[in-house]
S.K.: 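Mind having a look at this structure? Questions to follow.
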Amino acid sequence: MKYRPLGRTGWDISEVSFGAWAIGGAWGHVSDDEALGALHKALDCGVNFIDTADVYGDGRSERLIARLKKERKDEIIIATKAGRKLPKQTVEGYSRQNLTKWIEDSLRNLGVEALDLLQLHCPSTDLYYHPEVFGILDDFVKAGKLRFYGVSVERVEEALKAIEYSNVQSVQIIFNCFRQRPADVFFPLAKSRRVGILARVPLASGMLTGKLRRDSKFASDDHRNFNRHGEMFDVGETFSGVDYELGLQAVEEIRALLPPGVSMAQFALRWILMFDAVTCAIPGGKRADQVEDNCRAADLPLLNPDVMAAVEHIYDEKIRASVHQRW
Ligand SMILES: NC(=O)c1ccc[n+]([C@@H]2O[C@H](COP(=O)([O-])OP(=O)(O)OC[C@H]3O[C@@H](n4cnc5c(N)ncnc54)[C@H](OP(=O)(O)O)[C@@H]3O)[C@@H](O)[C@H]2O)c1
């Protein structure tokens, strides 16, 4: 494993970290044993940073991480999120009262006195024009409830606006071979301001592992079944918003670029790590074997410029028209 500095926090975090949504819920059944097996494997592989949220399985993901913390002595940095308990995303919903309640719930679930990193969980664009919300977060830091805070965004423009707030330490954004726009303008700016970037949905919800087929089936409680068209939340969170058939075609073209002995998941993660503005990728993992596969990406050699250009070409030809200007 290799480590990169996260913003101005002073923390060095694993380049390949762990996304804990799937072990919470909305991805079909994952048993507690499987989830803990995946988490333990992550630590065994050198992961020291876990991304979760209060709503993943209604606190289940946070509670599993609390169990992990009890079972291991390793230093683990936990990033959680707040805001998605709101029935509807409004700026008013991010009130001091609601934030206090959400933070207290996460502190209890995680069994800690202070949250390492709290991220606003994809609030509406308008929230970024309300500095008072960031003032409330500053107060929580002063009160010792939060060590640091950041944001998780849907759109590049939200990311650009968010980093105008000087205490925002991290921006979580979808970035992968199918979502290349963040690298254009946002990455250089974030890097110059020393804001950390967490690349989420790095495997395009499993599509970029190369294992999905036209007839792949997903459980009824898996968002790849129930949110294919954005029925429950932003469609961009499911397969990065790429049409399923089109995604499969692009995956076959990427497959032809794989160096010998490298899995497609490793390749997809190594591609992300080629961008030095990125602090880490946070692939979701349901089982230990997936986590082990993903963590190997950190040890791969750099991809050569021809390969990078080929991925960009595939994006330009197949993906750009349907996603580039949407997020
Ligand atoms: N709004 C937000 O802030 C937000 C939204 C989305 C995600 N996130 C965060 O980002 C993290 C990552 O995104 P994500 O989990 O949505 O998508 P992802 O990392 O692109 O895909 C994860 C899924 O791919 C499959 N997989 C992972 N590694 C694999 C491997 N090596 N081989 C084969 N299959 C593999 C697993 O599902 P199967 O085995 O079932 O295929 C896993 O659940 C989340 O866990 C969460 O922490 C945040």
Side-chain angles (χ1 to χ4, degrees), residues 1-7 9 11-23 27 38-39 41-43 45-53 76-79 81 117 119 150-154 156 159 169-183 186-187 190-191 195-211 236-237 239-240 242 251 254 258 262-287 289-303 307-308 311 315 327:
M1 185 55 68
K2 297 190 184 72
Y3 301 83
R4 298 185 184 187
L6 176 66
T9 60
W11 293 326
D12 287 325
I13 67 169
S14 40
E15 285 183 343
V16 179
S17 286
F18 185 92
W21 181 16
I23 61 163
W27 284 81
L39 286 165
K41 178 58 79 178
L43 300 198
C45 295
V47 168
N48 70 349
F49 182 83
I50 301 175
D51 176 73
T52 184
I76 322 168
I77 296 159
I78 316 284
K81 310 188 198 78
L117 180 74
Q119 305 157 96
V151 296
S152 181
V153 301
E154 299 288 4
V156 169
Q169 294 286 348
S170 62
V171 172
Q172 185 180 132
I173 191 162
I174 300 182
F175 181 63
N176 60 42
C177 299
F178 288 174
R179 273 289 191 100
Q180 302 197 13
R181 184 166 173 253
F186 171 59
F187 281 9
K191 193 178 160 189
V195 176
I197 295 174
L198 312 181
R200 80 163 180 271
V201 196
L203 302 171
S205 314
M207 175 78 78
L208 284 168
T209 67
K211 70 178 178 183
E237 304 298 348
F239 303 124
S240 301
V242 173
V251 158
I254 294 175
L258 296 190
V262 173
S263 76
M264 190 137 175
Q266 290 163 12
F267 179 87
L269 297 170
R270 182 65 253 183
W271 180 89
I272 291 170
L273 298 177
M274 291 297 290
F275 295 79
D276 65 355
V278 169
T279 313
C280 69
I282 48 168
K286 288 170 149 178
R287 294 190 318 268
D289 61 318
Q290 293 181 341
V291 173
E292 195 167 17
D293 183 18
N294 297 339
C295 287
R296 288 215 180 98
D299 300 325
L300 295 182
L302 300 183
L303 300 179
V307 169
M308 293 304 286
V311 174
Y315 176 78
W327 291 279

S.K.: Grab the two heavy atoms, one from G285 and one from A38, that are nearest each other, plus how far apart they are.
M.R.: O-CB, 4.0 Å

S.K.: Might you point out which heavy atoms bring I197 and A190 nearest each other, and give the distance in Å?
M.R.: CD1-CB, 3.8 Å

S.K.: From Q290 CD over to F18 CZ, what is the distance, rounded to the nearest 0.5 angstrom?
M.R.: 9.0 Å

S.K.: Are L269 and L203 close enough that some pair of their side-chain heavy atoms sits under 4.5 Å apart?
M.R.: yes

S.K.: For a side-chain contact (heavy atoms from CB on, under 4.5 Å) check, start with the C-alpha distance between L117 and I77, then their side-chain angles and the critical distance, and finish with the verdict.
M.R.: CA-CA 8 Å; L117 180 74; I77 296 159; 5.5 Å; no

S.K.: With a 4.5 Å limit on heavy-atom distance, are the side chains of T279 and S170 in contact?
M.R.: no

S.K.: Does any non-hydrogen side-chain atom of L208 lie less than 4.5 Å from one of W271?
M.R.: no

S.K.: Kindly say whether S14 contributes a backbone atom to a donor-acceptor pair with the side chain of K2 at under 3.5 angstrom?
M.R.: no

S.K.: To the nearest 0.5 Å, what is the distance between CD1 on I272 and CD on Q180?
M.R.: 10.0 Å

S.K.: Give the minimum heavy-atom separation between L6 and G196, together with the two atoms involved.
M.R.: CD1-CA, 3.9 Å

S.K.: Which is it for V242 and M207 under the side-chain contact (heavy atoms from CB on, under 4.5 Å) test, yes or no, and what are the steps along the way?
M.R.: CA-CA 10 Å; V242 173; M207 175 78 78; 5.8 Å; no

S.K.: What distance separates I174 CD1 from L198 CG, expressed to the nearest 0.5 Å?
M.R.: 13.0 Å

S.K.: With the side chain counted from C-beta on, respond yes when E237 and E154 share a heavy-atom pair under 4.5 Å apart, and no when they do not.
M.R.: yes

S.K.: Locate the shortest heavy-atom distance separating A281 from P202; write the atom from each residue and the value.
M.R.: CB-CB, 4.2 Å

S.K.: Taking all non-hydrogen atoms of both residues into account, name the closest pair between Y315 and F178 and its distance.
M.R.: CE1-O, 3.5 Å

S.K.: Taking the six-membered ring for Trp, are W327 and F175 ring centroids under 6.0 Å apart?
M.R.: no

S.K.: Write down the atom of F239, the atom of S205, and the distance for their closest heavy-atom approach.
M.R.: N-OG, 2.8 Å

S.K.: Compare all side-chain heavy atoms of I173 with those of R179 and state whether any distance is below 4.5 angstrom.
M.R.: no

S.K.: Evaluate Q119 against D51 for side-chain contact (heavy atoms from CB on, under 4.5 Å), listing each step before the verdict.
M.R.: CA-CA 10 Å; Q119 305 157 96; D51 176 73; 2.9 Å; yes

S.K.: Measure the shortest side-chain to side-chain distance between M1 and N48 over non-hydrogen atoms and say whether it is less than 4.5 angstrom.
M.R.: no

S.K.: Rounded to the nearest 0.5 Å, what's the gap from CE on M308 to CZ on R270? Could you check?
M.R.: 9.0 Å

S.K.: Do F267 and V311 have side-chain heavy atoms sitting under 4.5 Å apart?
M.R.: yes

S.K.: P283 versus V16: any side-chain heavy-atom pair under 4.5 Å?
M.R.: yes

S.K.: Out of curiosity, D299 CG to Q266 CD, how far, rounded to the nearest 0.5 Å?
M.R.: 9.0 Å

S.K.: What distance do I50 atom CD1 and I13 atom CD1 have between them, rounded to the nearest 0.5 Å?
M.R.: 11.5 Å

